[in-house]
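So that we are looking at the same thing, I have put the structure below in structure tokens.
Both counts, for ligands and for their atoms, begin at 1 and track the order of listing. Excluded from the calculations below are hydrogen atoms, water molecules and symmetry mates; all remaining heavy atoms, backbone and side chain alike, are included.
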Amino acid sequence: MLAGAGALAAASLVPLASRAAPRGADAAIVLRASSGRARLAGPDRPDTEIWGYGGRVPGPPVVVTQGEEVYARLVNDLPQPTTIHWHGVRLDNAMDGVPDLTQAAVAPGARFDYRFRPPDAGSFWYHPHELASEQMGRGLYGPLIVQERIPPPADQDLLVLLDDWRLDRQGRIDTGFGDLHDAAHMGRLGNVLTINGAREFAIRARARERIRLRLFNVANARIMGLRLSDHEPVIVAIDGQPVAPRAPRNATVVLAPGQRADVLMDMVHLPGKTAPLMIILEDGEVEIGKIIYHAYDLARDDPLPAVAALPPNLAATPFSAGDARRAEIVMQGGAMGRFRDTSMYKGERFDRAGLIEQGQVWTFNGTAALPKQPLFAVRRGEPVAILFRNDTRWPHAMHVHGHHFRELDSEGSVSPVWHDTVLIGPTESRTVALVADNPGKWLIHCHMIEHHAAGMATWFSVGV
Ligand code: C2O
Ligand code: CU
């Protein structure tokens, strides 16, 4: 049984590894941010000019095994400055890719080397953190996969990056970035959905295979679900961190921008079966492809045993809410939202109209965009409880850099599920618990990228 599982796992590495950028023993993976083309507008229309790493969307998978170093060289061939942020990775602050907080933005023509050893196995991703609405909206993103030392048995390990593009009538990327109407509503919602940069996606497998799917929502603003119709997907990790195996409702995995889920799915039907793959939106659903079984092959005689939990990265340490430093983020603004009489922006005071003139429509605790002072400053290892209070009419995908966190309920007990990005619905309040054990200056922001650009950001500092 064990030998069988090992053999399976080894087979599953091949597709991921072979799609990784080529690299020598100590050579960097080159991530060249440049223009390229993708078939976004449909089969009989010309390709769309995009921006991508290596000119491709998604960018090349960066794949390491837990314990190995990521060594990636960003080369900026864009007409504007950029950086790379490694979303969800508990890395050294200097490698976090946040302009003004952790590094200077990389100028056109310049380069920057990122080197770090991700502590956690799991599914992460990389994207720019400068002018991100435009740069991500044009296609700059890619997966970062940290393989478990002993991966769970799976016959295939598939990447599924869900994106939402806004194209104009000619099939070009709509250039209305920074639109304040978008920013004050949901963010930049698009009109074309893709998986891995294509409008169609097929899962091809034999009956009785077990497939690992790594799902990512890389859209600027759209919350999306993927429905694996007629199958019984099991979620084994959320935001890169293992969870007790759980079946999502209606076989649908719903992700807010920034979030990921690892899913194991058995091909339980007879050879020749097909089933639709649906993207579920707030107001409808779209067929994006199919699950297609081989016409007659069976992967094995007997079905595999039930899905087991992945080994945890993070200890389920008790969190004593009573000892925790308390912080609060009250989110305000947006369309139909409440504003204070005056709000701060870059150290100056503005009324609502003045704030909008500055391109800012959201505030945290009455301040739009990064304040001079951190939300909180703690010593390394201090427990912190952050209350997110959504006093707006819109959902927000709150992302914390450099740390994972767990939700804390009103009785002070901690959920077993770790996240790096949590969706907070209109008028909802949630408290998250983290141990601030990673020194540096860390961002907290909404991952609806236009909300971030229009004010939703703050930061905290952790001493050494
Ligand atoms: Cu995925 Cu601060 O970002
Ligand atoms: Cu938001």
On the ring face of Phe388, is Arg430 found with NZ or CZ under 6.0 Å from the centre and within 45° of the axis?
-> no
Under 3.5 Å side-chain donor-acceptor pair for Gln358 and Glu348 | no
Vertex atom 1 (Cu) of ligand 1, arms to His127 NE2 and His447 NE2, rounded to 10° = 110°
Which N/O/S atom belongs to His445 and is the closest one to atom 2 (Cu) of ligand 1?
-> NE2
N/O/S atom of Cys446 under 2.8 Å from the Cu ion (ligand 2), yes or no?
-> yes
Vertex atom 2 (Cu) of ligand 1, ends His129/NE2 and His401/NE2: angle to nearest 10° comes to 100°
Cut-off 3.5 Å, side chains only: do His396 and His451 have a donor facing an acceptor?
-> yes
Can you measure from CH2 (Trp459) to CG (Leu370) and round to the nearest 0.5 angstrom?
-> 8.5 Å
Do the side-chain N and O atoms of Asn220 and Glu450 include a donor-acceptor pair separated by under 3.5 angstrom?
-> yes
Closer than 2.8 Å to atom 2 (Cu) of ligand 1, do we get an N, O or S atom from His85, backbone or side chain?
-> no
Closest His396 atom to the Cu ion (ligand 2) [N, O or S only] | ND1
Distance from Asp262 atom CG to Ser123 atom OG, nearest 0.5 Å?
-> 3.5 Å
Are any N, O or S atoms from His447 nearer to the Cu ion (ligand 2) than 2.8 Å?
-> no
Check all N, O or S atoms of His451 and name the one closest to the Cu ion (ligand 2).
-> ND1
Please confirm whether Arg188 makes a cation-pi placement over Phe177, using NZ or CZ under 6.0 Å from the six-membered ring centre and within 45° of the ring normal.
-> yes
Write the atom name of the N, O or S atom in His87 that is nearest atom 1 (Cu) of ligand 1.
-> ND1
